[in-house]
Every structure is written in structure tokens, then in C-alpha cells.
Chemist: 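Okay, handing you the structure first.
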Amino acid sequence: MGRLYSAFQRHFSGAGMVLGVLFFFASLTPSLIPRSFEVQGVLGGVAFSAGYGIGVLLVATWRYLQLPSVDKGLLRLTRLVLSLISLIVIVVGLYNSTAWQNSVRGVLNMEPVDSAYPVSVIIIAILTFAFLFLLARGIIALGRAVANRLDKFLPRRVSIIAGAAVTLIVVATLANGLLIEYTFRLLDKSFAELDALHEPERPQPSIVERAGNPSSRLEWPKLGRAGREFVASGPTAADISQVTQRAAVEPIRLYAGLQVAETPDERSQLLLDELIELNAFDRAALVVVTPTGTGWVDPSAIDGLEYLYDGDTASVALQYSYLNSPLSLVFQSENGRESSQSLFRTIYRYWQKLPAGQRPKLFLHGLSLGAFNSQRSITFLDLLGDPIDGAVWSGTPFPSEKWQTITADRDAGSTQWLPVYQGGRFVRFMNQNGVPEGNTAPWGNVRIVYLQYASDAITFFDKHLLYREADWMKAPRGPDVSPLLSWYPIVSMLQLLVDMPLSDGVPMGYGHVYAPDHYLDAWLEVTGVENWSSEEIDALKVHLHSKASNADGYEYRGG
């Protein structure tokens with residue numbers, strides 16, 4: 001046993017193990033989205049590795065600066081005591097991990113995890129740490145080899161720094177030039193092939209109001225998977241009349257995939273030509289939709305609007321990528337901005353020329369990366385000169401500058417997760433429970449609604465979590481945030497990084513999955529439609545929720 005402990009001391013850093021244990025413990029605590037044992041195990045292993053690495057770096061820096069060393073006898077005693085404390089911390093953390101995860105699942109209306117959760121987590125965490133430890137050892141060995149070579153020409157301290165720098169440059173170059181670039185090309189090709197797949201259960205529209213119909217210049221095969229889903233899944237006039245018991249017209253839905261033309265401007269012009277041909281500018285409402293990275297348009301957002309206007313609407317969207325939203329944002333960040341600006345400018349300029357009393361209300365919409373790019377498509381001059389009527393932006397990602405500015409400048413006393421801005425005159429925030437108190441100003445001539453859930457990590461991720469607590473973590477918290485959530489340096493940022501891709505996997509009405517009834521409330525705010533009774537609105541919400549639950553138009557949710 002003594003030999004085993006001595007071997008352990010030789011190969012592992014005591015300071016690294018202590019910090020690693022603390023980071024591992026923190027990673028088990030609740031964040032915004034519940035984690036399966038597989039995800040929690042990997043996160044725990046990564047968190048442990050981060051803490052271990054910081055500990056090793058601190059010790060290495062201490063030795064590099066030639067600071068006085070600790071007495072060996074005292075060091076052995078300290079290591080023994082810290083080892084026992086670390087073991088207790090791990091046991092306590094694993095014991096509480098099930099309750100912590102269930103506290104998140106409870107507020108999101110999800111089933112609790114089973115009792116085997118802690119055992120599975122620790123096994124995967126150990127395997128993850130072992131892999132990262134060996135990988136780091138390999139990189140360190142490379143750095144030492146380079147430093148040893150440089151010893152012939154440079155002082156030892158200089159060669160150590162130079163060796164580390166050369167190693168980091170080589171590893172970063174290989175990662176960026178080979179791994180990341182190759183992965184991007186492979187994913188782009190894979191998403192493009194997926195986009196081209198035809199769904200046998202998705203019939204080609206026959207009515208002229210839908211892109212892809214036999215007479216449309218926006219050809220069915222070129223719409224892409226997301227475009228075909230969008231134009232084929234919406235309600236018809238008959239569907240609307242059956243629910244409303246009123247006369248309805250066929251809603252117009254147009255979509256241009258990447259294959260319909262070479263450039264965003266050419267695609268936008270094709271969409272405008274179709275809108276003009278279909279007399280879309282005689283409709284009551286026209287919505288310019290910016291889709292997510294893969295081109296997906298959330299049916300929850302558009303279906304309800306079409307019912308509100310008895311089908312007297314036109315919706316138009318333009319694809320800008322095959323990749324899902326995170327990859328599109330990283331590798332093709334300007335594609336979304338260029339496409340959304342092109343489509344908005346093309347339609348806005350034509351709309352501007354029409355008499356003010358003889359043109360449709362003009363709205364914008366986007367979900368997730370679509371909200372990010374939709375906000376980038378307009379300037380404040382567009383809202384001052386001849387303003388659009390409003391926008392519904394849902395699940396706005398954290399990098400969105402307009403959202404950040406408005407949230408930061410919120411009225412005193414309002415929360416970060418549901419702000420009030422200038423009394424709600426031009427901008428209002430909504431969640432599952434509607435708008436917060438404090439929106440006392442009457443609506444102005446532009447109505448913008450940000451629909452967001454406090455449990456949406458895509459909206460509330462913050463790089464500053466690395467070293468400070470976010471305002472949304474402080475009381476009062478959102479209704480869908482665990483009361484047991486706490487902030488920990490570095491680890492909380494890692495937790496939110498993991499939460500972001502998991503945000504689409506929670507029940508509707510939480511995380512990044514926006515419910516049709518909440519969209520309907522947002523559109524009621526933005527449009528000012530008043531010819532519906534509260535009973536009719538409640539019945540419509542039930543219908544839309546049932547449709548969404550049956551996955552009509554949601555087969556490839558997200559993007």
C-alpha cells in the first residue's frame with residue numbers, strides 16, 4: 001500500500017489532485033439543463049482535468065520562480081490530510097449528484113434520474129481524465145524534447161519558455177489546419193447531403209401560395225430539406241377555418257434554398273418576384289423570417305400568426321447554410337448576416353414604395369441564430385425613417401449586440417432574465433408567464449418582443465462566468481432555474497458550454513424549445529390583433545400545442 005501511494009505521489013501532482021477534486025465536485029452541481037450520466041461523466045472528467053492542470057501550472061510556476069519549498073515532513077502530512085478530505089468531497093458530491101440533477105429536472109417537468117447515476121458518472125469521469133491526462137503528458141513530453149534541444153543554444157529558463165511556445169504553436173497549427181478544417185469540410189458535406197434528402201412522407205405542395213408547387217420558380221428539389229418542411233407543414237385555409245369557424249385564405253409561404261440561385265441577392269430577388277406575383281403585398285401581414293443555421297424555421301412561430309390573421313399572411317425565408325447553428329456561427333458567421341440583410345433590404349425597399357395605408361404590416365422573426373442574424377439585418381435608421389411594424393425574436397444567442405445592449409440598459413429593479421426596457425414602449429421581453437410588471441408605457445409605432453426562457457443556456461451563456469457570477473444567477477431567479485444552482489469560477493462556464501447543445505433536448509416550453517402558445521402571446525403583443533376572445537385564444541393554444549406535440553413540422557427540430 002505504501003509503495004502504491006509513493007508511486008501515486010511520483011506520477012500525480014498533489015495540488016493538481018486537490019483542485020481537480022474541487023472542480024469535479026462543482027461540476028456535479030445543477031446548471032440550467034439536466035445532464036445524462038454520460039454527459040455528466042465527461043463534464044466531470046474535463047472539470048477535474050482543468051483543476052488538475054491549474055494545480056500543476058501553479059506548482060511549476062512556484063518552482064520556476066525558485067520560491068522556497070515546503071518541509072518534506074509537513075508536505076507528507078498535508079498530502080495525507082488533503083487526500084482524505086478530497087475522498088470525502090468526492091463521496092459527498094456523488095451522493096448529492098442525483099438530487100442536484102433532479103432539482104433541474106423538476107423545474108423543467110422531466111422525469112428524475114435513476115439511482116445508478118453516481119456510479120456511471122464516476123466511471124466515465126475517470127476514463128475522461130485518463131485520456132486527457134495522457135494527451136497532456138504527450139504534449140508536455142514534446143515540449144520538453146524541444147526545450148532540451150534548445151538548451152544547446154539558450155539558457156535553461158529561456159529554453160523552457162521557448163519550448164513551450166513552439167509546442168503550443170505546433171499543436172494549435174495542427175489542430176486548426178488539419179483537425180478543425182478537415183472536420184468542417186466533412187460536416188459541411190454531410191449536412192449538404194442531409195439537406196438534399198427527400199422525405200417520402202412530405203408531399204410536394206399543389207397550391208400556388210407555397211414555394212415548390214409545380215408552377216413555382218422556387219423548385220421543390222432545390223428548397224432543401226428544411227425549406228420543404230417549412231412550406232409543406234403549415235396550415236391550409238381549410239385547417240384554419242376548421243379551428244376558427246371563420247372564412248380564411250391560403251397563407252403564403254415562400255422559401256429559397258441555397259440551390260435556387262448562386263448569390264443571396266439573386267435568391268432574394270426570386271422571392272420578391274414570387275411575392276409580387278402572388279399579390280403578397282395586399283395581405284394583412286408580411287413576415288421576413290431568418291432561419292437557423294440548417295435553414296430550419298420553427299413551425300411554432302409561424303403557424304399561430306397565420307391563425308391569428310385567418311391566413312391573410314405571407315412568410316418568406318432564405319437559407320444561408322447547411323451547417324447547424326453553432327458550426328455556422330463559427331465557420332460561416334458572415335453568411336447569415338449577408339443573406340438576412342439581402343432579403344430584408346430587397347423586400348423592405350419594395351415595401352417602402354407602397355402607400356402607407358395600402359401595404360401589409362411588416363414583421364421580422366428569427367429563432368436562435370436566426371434571431372441573431374435577423375437583428376443584424378436592420379439598422380436603427382430602418383426603425384426611424386419608415387419603420388417596420390415589429391419583430392418576434394426567440395432564443396436570442398448571447399453574442400447578439402442589440403440584445404446585449406438592451407439587457408444591460410434595462411430599467412432599475414428588473415431582472416437580467418426578463419428585463420424591462422424603458423417601460424416597454426418599443427421593446428418587451430417575455431417568457432412562459434408573459435411580460436413582467438413594469439411595462440407600463442403604451443406601445444409605440446414599433447413593437448419588438450424578445451421571447452426567452454431563463455433556462456435557455458444559448459441565451460444566457462456568458463464568458464465572464466469564468467471569473468464572476470452572472471446577474472441571472474442571483475435572486476430572484478427564473479421559474480425554470482433550479483434553486484440549488486450556484487456559481488463556481490471556471491466550472492460554471494464549462495457547465496453552460498455543455499448546456500448549450502443540450503438545450504434543444506428538454507420539454508417544450510423550456511430551454512431552447514419555444515412553445516407555440518408562448519409564440520402566440522408574443523405575436524398578440526406585436527401585432528395588436530384584437531378580434532379574438534380570450535376563450536378563442538385558449539382554444540387555439542391547445543390546438544397548436546397538440547400539433548407541435550405530434551411533431552408535424554418538428555421532425556428536424558433545431559439547427
Side-chain angles (χ1 to χ4, degrees), residues 234-235 237 239-241 243-244 246-254 275 280-290 297-317 344 347-348 351 354 356-367 370-371 374-375 377-378 382-383 386-394 396 421 424-431 434-435 439 441-452 514-541 543-545:
D239 295 330
I240 295 172
S241 292
V243 173
T244 64
R246 295 196 292 257
V249 295
E250 291 290 350
I252 295 173
R253 285 195 179 195
L254 301 183
L275 287 170
F281 291 92
D282 294 332
R283 295 293 177 110
L286 172 60
V287 188
V288 180
V289 181
T290 303
V297 178
D298 192 347
S300 287
I302 305 302
D303 288 2
L305 182 69
E306 292 171 340
Y307 279 94
L308 281 181
Y309 277 102
D310 296 313
D312 196 18
T313 63
S315 303
V316 55
F344 173 72
I347 292 175
Y348 179 69
W351 176 84
L354 301 176
Q358 301 176 30
R359 63 191 186 188
K361 287 189 173 183
L362 182 58
F363 302 114
L364 301 182
H365 168 65
L367 161 69
S374 180
Q375 291 173 72
S377 71
I378 61 172
D382 299 320
L383 303 179
D386 192 1
I388 64 171
D389 293 273
V392 171
W393 290 315
S394 52
T396 302
Y421 180 73
R425 181 167 176 77
F426 298 106
V427 177
R428 295 182 185 179
F429 290 78
M430 297 183 68
N431 67 355
V435 296
N439 289 287
W443 273 116
N445 56 348
V446 178
R447 302 183 176 195
I448 294 174
V449 165
Y450 284 96
L451 178 60
Q452 59 191 40
Y514 288 86
D517 34 333
H518 303 149
Y519 270 120
L520 192 64
D521 287 333
W523 282 119
L524 285 168
E525 287 279 342
V526 169
T527 62
V529 169
E530 296 179 343
N531 62 330
W532 286 69
S533 67
S534 58
E535 293 78 13
E536 289 173 327
I537 290 295
D538 290 340
L540 178 57
K541 287 181 177 180
H543 171 75
L544 293 172
H545 204 94

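These numbers come from a predicted model, not from an experiment.
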Chemist: Return the minimal non-hydrogen interatomic distance between Arg428 and Ala441, and the atom names on each side.
Modeler: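 So the two residues come closest at NH2-O, 2.8 Å.
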Chemist: According to side-chain contact (heavy atoms from CB on, under 4.5 Å), who are the partners of Ala284, at least two apart in sequence or on a separate chain?
Modeler: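 With neighbours one apart ignored, the set is Tyr309, Asp312.
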Chemist: Please give me the minimum heavy-atom distance between Ala280 and Ala314, naming the atom from each residue.
Modeler: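 Shortest heavy-atom contact: CB-CB, 3.8 Å.
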Chemist: Taking only residues two or more places apart in sequence or in another chain, which ones pass side chain to side chain donor-acceptor pair (under 3.5 Å) with Trp443?
Modeler: Glu525
Chemist: Could you tell me whether the side chains of Glu536 and Tyr307 share a donor-acceptor contact shorter than 3.5 Å?
Modeler: no
Chemist: Start with the C-alpha distance between Thr313 and Val287, add both sets of side-chain angles, then the distance that settles side chain to side chain contact (heavy atoms under 4.5 Å, CB included), and finish with yes or no.
Modeler: CA-CA 8 Å; Thr313 63; Val287 188; 5.7 Å; no
Chemist: Can you list everything that forms a ring-ring contact (aromatic ring centres under 6.0 Å, His included) with His545? Sequence neighbours excluded, please.
Modeler: none
Chemist: Please report the C-alpha distance between Asp517 and Leu544 in whole Å, then the side-chain angles of each, then the deciding distance to 0.1 Å, and finally whether the side chain to side chain contact (heavy atoms under 4.5 Å, CB included) criterion is met.
Modeler: CA-CA 7 Å; Asp517 34 333; Leu544 293 172; over 6 Å; no
Chemist: For the residue pair Gly390 and Val446, what are the closest heavy atoms and their distance?
Modeler: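 Heavy atoms of Gly390 and Val446 come nearest at CA-CG1, 4.5 Å.
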Chemist: Report the distance from atom CD1 of Ile537 to atom CG of Leu308, rounding to the nearest 0.5 Å.
Modeler: 5.5 Å
Chemist: Suppose we screen for side chain to side chain donor-acceptor pair (under 3.5 Å). Which residues come up paired with Lys361, at least two apart in sequence or across chains?
Modeler: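 Lys361 satisfies side chain to side chain donor-acceptor pair (under 3.5 Å) with no other residue.
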Chemist: Could you pull out all residues at least two apart from Asp310 that satisfy salt bridge (Lys or Arg N to Asp or Glu O under 4.0 Å)?
Modeler: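 So Asp310 forms a salt bridge (Lys or Arg N to Asp or Glu O under 4.0 Å) with Arg246.
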Chemist: Could you please spell out the steps behind the side chain to side chain contact (heavy atoms under 4.5 Å, CB included) verdict for Leu305 and His365?
Modeler: CA-CA 11 Å; Leu305 182 69; His365 168 65; over 6 Å; no
Chemist: Can you name the residues that form a ring-ring contact (aromatic ring centres under 6.0 Å, His included) with Tyr348, not counting sequence neighbours?
Modeler: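 Once residues adjacent in sequence are excluded, the partners of Tyr348 under the ring-ring contact (aromatic ring centres under 6.0 Å, His included) criterion are Phe344, Trp351.
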Chemist: Mind listing the closest non-hydrogen atom pair of Ser394 and Ala371 along with its distance?
Modeler: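 What the structure gives for the nearest pair is O-CB, 3.8 Å.
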Chemist: Minimum heavy-atom separation for Ile240 to Ala248, with atom names?
Modeler: CG2-CB, 3.8 Å
Chemist: To the nearest 0.5 Å, how far apart are CG in Leu275 and CG in Leu254?
Modeler: 5.0 Å
Chemist: Any chance you could measure Leu364, atom CG, to Ile448, atom CD1, to the nearest 0.5 Å?
Modeler: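 Answer for the CG-CD1 pair, Leu364 versus Ile448, is 8.0 Å.
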Chemist: Using side chain to side chain donor-acceptor pair (under 3.5 Å) as the criterion, list what pairs up with Asp389, not counting sequence neighbours.
Modeler: none
Chemist: Apply salt bridge (Lys or Arg N to Asp or Glu O under 4.0 Å) to Asp521 and list each qualifying residue two or more places apart in sequence or on a separate chain.
Modeler: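 Only Lys541 meet the salt bridge (Lys or Arg N to Asp or Glu O under 4.0 Å) criterion with Asp521.
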Chemist: Does any part of the side chain of Leu520, heavy atoms only, come nearer than 4.5 Å to the side chain of Trp532, both counted from C-beta?
Modeler: no
Chemist: Dump the intermediate steps for side chain to side chain contact (heavy atoms under 4.5 Å, CB included) on Tyr514 and Ser300, then the final yes or no.
Modeler: CA-CA 7 Å; Tyr514 288 86; Ser300 287; 6.0 Å; no
Chemist: For Ala317 and Val297, which heavy atoms make the closest approach, and how far apart are they?
Modeler: CB-CG2, 4.2 Å
Chemist: Using salt bridge (Lys or Arg N to Asp or Glu O under 4.0 Å) as the criterion, list what pairs up with Arg359, not counting sequence neighbours.
Modeler: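 Scan of Arg359 (salt bridge (Lys or Arg N to Asp or Glu O under 4.0 Å), adjacent residues dropped) gives Asp386.
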Chemist: Say whether, by atom type as modelled, one donor and one acceptor occur between the side chain of Arg447 and the main chain of Trp523 under 3.5 angstrom.
Modeler: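 Absent.
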Chemist: How about Ile388 and Val288: do any of their side-chain heavy atoms sit closer than 4.5 Å?
Modeler: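 SC-SC contact between Ile388 and Val288 ruled out.
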Chemist: I'd like to check the side chain to side chain donor-acceptor pair (under 3.5 Å) partners of His518; sequence neighbours left out, ordered by chain and number.
Modeler: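 Side chain to side chain donor-acceptor pair (under 3.5 Å) check on His518 returns Tyr453.
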Chemist: Can you name the residues that form a side-chain contact (heavy atoms from CB on, under 4.5 Å) with Ser534, not counting sequence neighbours?
Modeler: none
Chemist: Taking side chain as C-beta onward, heavy atoms only, is Trp393 less than 4.5 Å from Gln452?
Modeler: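 Counting from C-beta outward, Trp393 and Gln452 never come under 4.5 Å.
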